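Step one of this worksheet: look at the structure below.
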Amino acid sequence: MKTNGARILEGLGIAFELKEYEVDPDDLSAISVANKVGMPPEQVFKTLLTTGGPGEYVFAVIPGDAELDFKKLAKAAGMRAAEMVSLKEVQPLTGYIRGGVTVFGAKKAYPVFVDETVILFDQISVSAGARGTQLLVAPDDYLRAAEAQTADLTKDPAPVQSSSMEHGKYGHKGGRR
Amino acid sequence: MASGESTAVPQPIARLDKVSKLFGSFAALRQVSVDLEPGRCYVLLGENGAGKSTLLRILAGLLRPSHGAVTVFDQQSPQEARERIGYMSHAPMLYDELTAVENLRYFASLYPGRPCTAPEDVLCQVGLDPALTRTLGQYSQGMRQRTSLARVLLPVPELLLLDEPFSNMDVESAGQMVALLAGFRQANRTIVLTTHQRELAAPIADWVLTLHAGRVASFEPGAPTR
């Protein structure tokens, strides 16, 4: 399905890939989407609409396994504070339903802030503008198309205990020979 | 494997878990995950800017990762475990106007309350004559590097982080340095070193980790001389 997001990227001459997945209305989480599209959750970015007050809206785009730090976002966006827009306001403000929000082709061109980790990857996945469809695109292209700024936007994870840490899944682990 | 033979993997002496380091919009390290076992020598390879020195400085506690976690010595941060870590930077960080012994006496004085090897002994360990009256400015590059190593060894670190220890050395001096490091490895000290000269480090390399653009491009067993 060709979405608004796809059309806008095409118009800019940006290479991308559309990936469809089966939607579970009871689980629209980015982690679930990541599992379905077969990418690590840190590469599947979720698009959140936030507000700094009446008439002040900002998109925050962060990794699927991370939690938005509103203080960091507010600082990056020059707002006094930030909070999530209520669910019922998402569609009227963006034109997209929850689970299908993209920064491309939203009702208004709200400023876009993307977590700085976006540059760590060759490719990221973001919603294409409809539930069940993801855009796979190079970070630089995404930032350019979204006219986005990058900043550290996420909460620092709690320290992980060694005994329970799953390790080496995406990395490297020295073994004894 | 014989029945009853232990299969226990030693507890890592250091662990990097999805460590990334960003300098503005430049990613020096990208989600690097590595476990370092005690008594092993890890050789970091990669072109300039690949992230080798950044990785070393994060392990040394001189830089904090932008994302991810680093633990050393049973869940300590590198900053908490500084006294157990020896870091030899690419720059010598020695005083040319002083002799080797004077340099080491000065640096030993910076570790009050910590047991340090006597400067004369540590110079003997690295194969230098402590009685030399020449100032460091008159030393060869190989001797300077060995003095740098001696400085790192003063507080008896368990984890040695060496940034280009063979830099500007001739083959003979590099060979002496390798022999020294082989001895430390035998004494169950863990070594992580960066180099552009893989062949020089080959005799002590338990593992060879190659970085490319901040990512682990390969992590392969070496073939150290026993």
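Reminder, nothing fancy here: chain letters follow the sequence lines and each chain counts from 1. Given the structure is predicted, the values throughout are model-derived calculations rather than measurements.
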Engaged part of A:D122 at the chain B interface, taking heavy atoms whose separation is under 4.5 Å: both

Would you say that more than 12 heavy atoms from the other residues, nucleotides or ligands in this model lie under 6.0 Å from the CD of B:E172, or not? no

Give a yes or no on whether a salt bridge exists between A:D65 and B:K18, defined as a side-chain N under 4.0 angstrom from a carboxylate O. no

Heavy-atom neighbours of A:K36 NZ exceed 12 at 6.0 Å: yes

Measuring from atom OG of B:S25 to atom CD of A:Q149, what distance do you get when rounded to the nearest 0.5 angstrom? 12.5 Å

Evaluate the side chain to side chain contact (heavy atoms under 4.5 Å, CB included) criterion for residues B:R30 and A:F121: first the C-alpha distance (whole Å), next the side-chain angles of each, then the deciding distance (0.1 Å), finally the verdict. CA-CA 8 Å; B:R30 300 167 189 251; A:F121 309 104; over 6 Å; no

Working to the nearest 0.5 Å, report the span between CG of A:D152 and OG of B:S66. 8.0 Å

Does B:R64 CZ have over 12 foreign heavy atoms under 6.0 Å away? no

Spacing of A:L120 atom CG and B:L22 atom CG [to the nearest 0.5 Å]: 5.5 Å

Quick check: are there more than 12 heavy atoms from other residues, nucleotides or ligands sitting under 6.0 Å from CD of B:Q141? yes

Side-chain H-bond candidate by donor/acceptor type, B:H67 with A:E42, under 3.5 Å: no

